Amino acid sequence: MALPINYGPKMQPTDIPMSDEMLDLIAQRFRLLADPMRLKILHQLQSGEKSVTELVERTGASQPNVSKHLSTLKTHNLVKRRQEGNMAFFSIAAPFVFDVCNTVCDSMRSELEQRSNLLGG
């Protein structure tokens, strides 16, 4: 588990220099999470390990589509794979991804509430 960065009393995240290479890697990670099917798969895996068959059933996507996205997520170390006979099982390898998703979801909820209040809803 990654430990949070301690910026100290006066340091802010923007005070830490970021190389172009690091910013490219961060952008790549966000692009990886920008696909709705990948988010759907990650959401299903949040409750625990699932087989490809279970993920196909729960997402409503085709087996080749789910397998393609699982391969991408595995390549980027967000999920891990376990083989049992002819069955492949996947689980979360990087739980921090849910922190990112929760932050975005909370922000969206807040934004939607504000819009609803403005519209008298």
Side-chain angles (χ1 to χ4, degrees):
M1 177 186 271
L3 296 174
I5 297 172
N6 183 355
Y7 295 108
K10 294 183 181 180
M11 233 175 148
Q12 297 296 315
T14 55
D15 294 334
I16 297 173
M18 289 259 210
S19 68
D20 288 344
E21 292 80 14
M22 179 58 105
L23 292 170
D24 285 343
L25 288 171
I26 292 167
Q28 181 182 39
R29 181 63 50 98
F30 278 109
R31 281 191 299 273
L32 181 66
L33 296 174
D35 186 284
M37 181 52 65
R38 289 189 200 126
L39 291 175
K40 194 181 274 193
I41 289 169
L42 290 169
H43 180 71
Q44 290 301 318
L45 292 174
Q46 191 170 11
S47 61
E49 182 182 75
K50 305 273 184 305
S51 69
V52 174
T53 303
E54 288 175 295
L55 290 168
V56 166
E57 291 169 359
R58 291 171 183 235
T59 62
S62 68
Q63 186 273 324
N65 191 20
V66 168
S67 292
K68 174 188 78 166
H69 288 295
L70 285 168
S71 177
T72 300
L73 291 167
K74 184 177 178 296
T75 298
H76 291 89
N77 300 312
L78 292 182
V79 300
K80 55 188 171 185
R81 183 179 191 269
R82 179 178 67 83
Q83 190 75 30
E84 190 175 295
N86 64 350
M87 298 282 290
F89 294 87
F90 287 84
S91 60
I92 296 298
F96 75 85
V97 74
F98 298 117
D99 294 335
V100 173
C101 289
N102 288 338
T103 298
V104 173
C105 288
D106 290 346
S107 154
M108 293 301 300
R109 279 187 205 98
S110 176
E111 186 178 321
L112 290 173
E113 279 179 24
Q114 289 174 357
R115 285 184 187 182
S116 177
N117 290 338
L118 285 174
L119 297 172

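The shown structure was predicted, so the numbers you read here are calculated from the model rather than taken from an experiment.
Residues Glu111 and Arg109 form no side-chain contact, since every pair of their non-hydrogen atoms from C-beta on lies 4.5 Å or further apart. Using a 4.5 Å cut-off on side-chain heavy atoms (C-beta onward), Ser62 and Val56 make no contact. Under the 4.5 Å side-chain criterion, counting only non-hydrogen atoms from C-beta, Thr72 is in contact with Leu32. Annotation: side chain of Leu78 is in contact with side chain of Leu33 (closest heavy-atom distance under 4.5 Å). Side chains of Ser91 and Leu45 form no contact here, defined as non-hydrogen atoms less than 4.5 Å apart.
Phe89 and Leu42 are members of different hydrophobic clusters when ILVMFWY side chains are connected at heavy-atom separations under 4.5 Å. Ile92 and Phe96 fall within the same hydrophobic cluster, defined by Ile, Leu, Val, Met, Phe, Trp and Tyr side-chain heavy atoms under 4.5 Å apart, directly or through other members. Following chains of ILVMFWY side-chain contacts shorter than 4.5 Å, one cannot reach Val97 starting from Leu25, and the two form parts of different hydrophobic clusters. Two different hydrophobic clusters hold Phe30 and Val104 under the rule that ILVMFWY side chains link at heavy-atom gaps under 4.5 Å.
Nearest heavy-atom pair across Ala94 and Asn77 is CB-O, 3.7 Å. Between Lys80 and Ala93, the closest heavy-atom pair is N-CB, 3.9 Å.
No donor-acceptor distance shorter than 3.5 angstrom exists from the side chain of Glu57 to the backbone of Glu54, with no hydrogens or angles considered. Judged purely by atom type and a 3.5 angstrom limit, Ser71 has no side-chain atom pairing as donor or acceptor with the backbone of Ser67. Judged by distance alone, the side chain of Glu113 and the main-chain N or O of Arg115 form no donor-acceptor pair under 3.5 Å. Remark: side-chain polar atoms of Asn102 are paired, donor with acceptor, to backbone N or O of Phe98 under 3.5 angstrom. Ser116 places no side-chain N or O within 3.5 Å of a backbone atom of Leu112 that could act as its donor or acceptor partner.
Taking CG of Leu55 as the start and CD of Gln63 as the end, the distance is 11.0 Å to the nearest 0.5 Å. Note that the CD atom of Gln44 and the OG1 atom of Thr59 stand 7.5 Å from one another [nearest 0.5 Å].
There is a side-chain donor-acceptor pair under 3.5 Å between Ser47 and Lys50.
Within the structure, side-chain hydrogen bond (donor to acceptor under 3.5 Å, both in side chains) pairs that include any residue of residues 24-39 comprise Arg38-His69 (at least two apart or interchain).
Counting heavy-atom neighbours within 6.0 Å of Met22 CE, excluding the residue itself, gives a total of 12 or less.
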